[in-house]
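Inspection log for the structure reproduced underneath, given as structure tokens.
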Amino acid sequence: MARKKVLVTGGAGFIGGNFVQYMVNKYPDYEIYNLDLLTYAGDLIKHKTIEGKENYHFIKADIVDRDTILALFEKERFDYVTHLAAESHVDRSITIPEIFVRTNVLGTQVLLDAAKTIGVTKFLHVSTDEVYGELDFDSTSFFTEDSPLQPNSPYSASKASSDMFVRAYHETYGLPINITRCSNNYGPYQFPEKLIPLTISRVINDQKIPIYGDGKNIRDWLHVYDHCTAIDLVLHKGENGEIYNIGGHNERTNLEVVKTIINILGKSEEIIEFVPDRLGHDKRYAIDPTKITALGWQPTFTFQTGIAQTIQWYK
Ligand code: NAD
């Protein structure tokens with residue numbers, strides 16, 4: 001029987017990189033293709049341990065390059081597409097929104113066309129809880145899959161737009177799809193522009209830690225390994241056309257996260273420096289993961305165990 005071919009876009013980035021390694025090691029009978037443009041956010045150094053494996057393949061390409069992508073799909077005839085390639089940093093989207101439209105919207109549409117042309121078994125689109133907008137600090141509610149889409153940043157607007165294209169290709173052309181929307185990830189291999197790796201590297205180097213506003217913004221933290229198991233589950237067992245929210249009920253203020261890291265590393269909280277708030281900074285994100293839990297998913301990390309492991313990795 002032919003070996004299943006899984007395309008992972010963005011597999012040189014943070015989550016995609018972790019997911020590629022997870023899949024290459026877990027499924028020796030699958031062929032795993034990592035397609036990535038290697039922007040500032042992607043590198044292959046992280047794949048030293050798998051690059052010699054027979055079931056791992058790397059393709060350098062731009063998902064917006066229609067001719068290349070269509071030719072690749074015709075040649076390889078992938079069974080599954082797991083789409084993670086994106087511009088992912090909210091701050092960058094505030095200064096250069098146009099590249100978020102290009103990569104996140106147009107790139108997704110090119111991949112959908114290619115997937116439709118060859119008829120894949122499943123197109124899994126990795127999205128974000130940020131498409132739901134924000135919750136109030138004092139609200140006790142959570143984002144469900146039925147929450148309205150109310151993106152506030154150019155990043156989340158581009159992700160919501162790509163989600164709508166994925167939905168439209170399912171409704172219009174019958175493309176088998178799932179969309180996953182997860183909370184903030186942390187763990188090994190994250191580019192040090194995001195809160196947790198930035199804080200860890202600055203604490204280790206005795207540098208000031210910038211915190212936006214008063215640090216009270218709340219995020220729901222998910223260890224990247226738990227995200228990988230969730231994507232794997234949805235890829236194989238997700239009901240066609242469904243959306244799944246992924247989160248582990250690990251809500252923390254940004255200030256709590258930073259203080260936890262400082263304390264684990266035994267430094268003084270005096271290195272915290274409050275800086276002017278991010279434009280349009282969402283107050284609180286919190287996920288209701290009931291639907292994916294019913295599919296059989298459980299996170300393995302608590303925030304305490306995950307952050308300790310992550311700090312150890314960065315050290
Ligand atoms: P990342 O920025 O670390 O990695 C993105 C990868 O995509 C990089 O390797 C980059 O080289 C590649 N890429 C960018 N433009 C490309 C293009 N035009 N063609 C091919 N490859 C290109 O991002 P991440 O944090 O790993 O996020 C992965 C996905 O998960 C994204 O879709 C993001 O929206 C989503 N997500 C991330 C988080 C998080 O906390 N990091 C949370 C929710 C959802």
Side-chain angles (χ1 to χ4, degrees), residues 13-19 21-23 25-26 46 84 88 126-130 132 134-135 137-145 180-192 194-204 209 211 215-235 237 244-267 269 272 282-315:
F14 165 46
I15 302 171
N18 279 278
F19 186 65
Q21 294 189 12
Y22 170 93
M23 293 295 281
N25 291 319
K26 178 163 180 196
K46 58 173 67 78
L84 296 104
S88 69
V126 174
S127 188
T128 168
D129 61 354
E130 298 189 33
Y132 298 123
E134 65 177 353
L135 298 163
F137 286 127
D138 52 2
S139 118
T140 49
S141 57
F142 298 91
F143 295 134
T144 72
E145 290 79 1
T180 57
R181 294 183 178 140
C182 69
S183 53
N184 281 44
N185 281 218
Y186 69 101
Y189 301 119
Q190 189 165 26
F191 194 77
K194 309 265 169 82
L195 181 70
I196 287 183
L198 180 85
T199 303
I200 296 172
S201 67
R202 283 183 167 250
V203 176
I204 289 172
I209 316 291
I211 297 195
K216 295 214 174 110
N217 302 66
I218 297 169
R219 300 293 178 260
D220 185 356
W221 292 96
L222 178 71
H223 192 280
V224 66
Y225 174 80
D226 289 327
H227 190 187
C228 290
T229 63
I231 298 172
D232 179 15
L233 181 67
V234 174
L235 189 64
K237 302 259 174 66
Y244 294 89
N245 285 352
I246 309 166
H249 285 305
N250 280 307
E251 287 185 55
R252 298 281 185 288
T253 67
N254 289 345
L255 190 56
E256 283 168 339
V257 168
V258 168
K259 284 186 175 179
T260 302
I261 295 169
I262 290 174
N263 291 329
I264 290 175
L265 285 165
K267 298 285 173 76
E269 290 179 6
I272 294 173
D282 285 339
K283 293 189 192 85
R284 170 175 169 250
Y285 304 141
I287 285 224
D288 175 353
T290 305
K291 190 169 168 183
I292 187 148
T293 307
L295 202 63
W297 178 80
Q298 282 292 335
T300 56
F301 284 93
T302 62
F303 187 72
Q304 284 80 0
T305 57
I307 198 70
Q309 181 257 22
T310 304
I311 290 172
Q312 199 52 39
W313 186 86
Y314 279 95
K315 273 171 93 180

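Each residue takes its place number in the sequence, starting with 1.
Proximity of a side-chain donor or acceptor of Tyr314 to a complementary backbone N or O of Gly187 within less than 3.5 Å is detected. Looking only at distances, no side-chain donor or acceptor of Lys46 sits under 3.5 Å from a matching main-chain atom of Tyr189.
Taking CZ from Phe301 and CG from Leu222, the interatomic distance works out to 10.5 Å, rounded to the nearest 0.5 Å. Note that the CD atom of Gln304 and the OG1 atom of Thr260 stand 7.5 Å from one another [nearest 0.5 Å]. The distance from the CD1 atom of Ile218 to the OH atom of Tyr285 is 12.0 Å, given to the nearest 0.5 Å. The CD atom of Glu130 lies 6.5 Å from the CG atom of Asp282; values are rounded to the nearest 0.5 Å. Between Phe14 atom CZ and Leu84 atom CG the span is 11.0 Å, to the nearest 0.5 Å. For the atom pair CD of Gln309 and OG1 of Thr305, the computed distance is 8.0 Å after rounding to the nearest 0.5 Å.
Contact check for His249 versus Pro289: side-chain heavy atoms found under the 4.5 Å cut-off. Side-chain contact between Thr199 and Val257 is absent, with no heavy atoms from C-beta onward closer than 4.5 Å. Taking 4.5 Å as the limit, every side-chain heavy atom of Asn18 sits out of range of all side-chain heavy atoms of Tyr225.
Partners of Phe19 according to the ring-ring contact (aromatic ring centres under 6.0 Å, His included) rule, which considers only residues two or more places apart in sequence or in another chain, do not exist here. With sequence neighbours excluded, the residues forming a salt bridge (charged side-chain N to carboxylate O under 4.0 Å, His left out) with Lys283 are Glu134, Asp136, listed by chain and number. Taking the ring-ring contact (aromatic ring centres under 6.0 Å, His included) definition, one finds that His227 meets it with nothing, sequence neighbours left out. The salt bridge (charged side-chain N to carboxylate O under 4.0 Å, His left out) check on Asp288 picks up nothing, with sequence neighbours excluded. Listed by chain and residue number, His281 satisfy the side chain to side chain donor-acceptor pair (under 3.5 Å) test with Asn217 (two or more places apart in sequence, or in another chain). Evaluation of the side chain to side chain donor-acceptor pair (under 3.5 Å) rule for Lys237 yields no partner, not counting sequence neighbours. With sequence neighbours excluded, no residue forms a salt bridge (charged side-chain N to carboxylate O under 4.0 Å, His left out) with Lys194. With sequence neighbours left out, Phe143 forms a ring-ring contact (aromatic ring centres under 6.0 Å, His included) with Tyr132. Under the ring-ring contact (aromatic ring centres under 6.0 Å, His included) criterion, Phe137 pairs with no residue, sequence neighbours left out.
For residues 244-266, the set of pairs meeting the salt bridge (Lys or Arg N to Asp or Glu O under 4.0 Å) definition, not counting sequence neighbours, comprises Glu251-Arg284, Lys259-Glu269. The salt bridge (Lys or Arg N to Asp or Glu O under 4.0 Å) contacts involving residues 304-315 comprise nothing, where partners must be two or more places apart or lie in separate chains. Residue pairs meeting the salt bridge (Lys or Arg N to Asp or Glu O under 4.0 Å) criterion with at least one member in residues 220-229: none, sequence neighbours excluded.
Listed here is the closest heavy atom pair of Ile211 and Gly215: CG2-CA, 3.5 Å. Across all non-hydrogen atoms, the minimal contact from Arg202 to Ile209 is CB-CD1, 3.5 Å. Of all non-hydrogen atoms in Ser141 and Ala286, the two that sit nearest each other are O-CB, 4.4 Å. Shown here for Ser183 and Gly247, the closest heavy-atom pair between the two residues is OG-CA, 3.8 Å. Pro197 and Phe191 get closest at one heavy-atom pair: CG-O, 3.6 Å.
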Go through the steps for Met23 and Leu235 under the test side chain to side chain contact (heavy atoms under 4.5 Å, CB included), then give the verdict. CA-CA 11 Å; Met23 293 295 281; Leu235 189 64; 4.1 Å; yes

Evaluate Tyr186 against His223 for side chain to side chain contact (heavy atoms under 4.5 Å, CB included), listing each step before the verdict. CA-CA 5 Å; Tyr186 69 101; His223 192 280; 3.8 Å; yes

Would Ile262 and Ile272 satisfy side chain to side chain contact (heavy atoms under 4.5 Å, CB included), going step by step from the backbone distance to the final call? CA-CA 9 Å; Ile262 290 174; Ile272 294 173; 3.7 Å; yes

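Residue Glu145 is tested with Thr290, Ile287, Ile292, Asn245 for a side chain to side chain contact (heavy atoms under 4.5 Å, CB included); the sole match is Asn245. Each of Asn185, Leu195, Thr302, Ile307 was scored for a side chain to side chain contact (heavy atoms under 4.5 Å, CB included) with Trp221, with one residue passing: Leu195.
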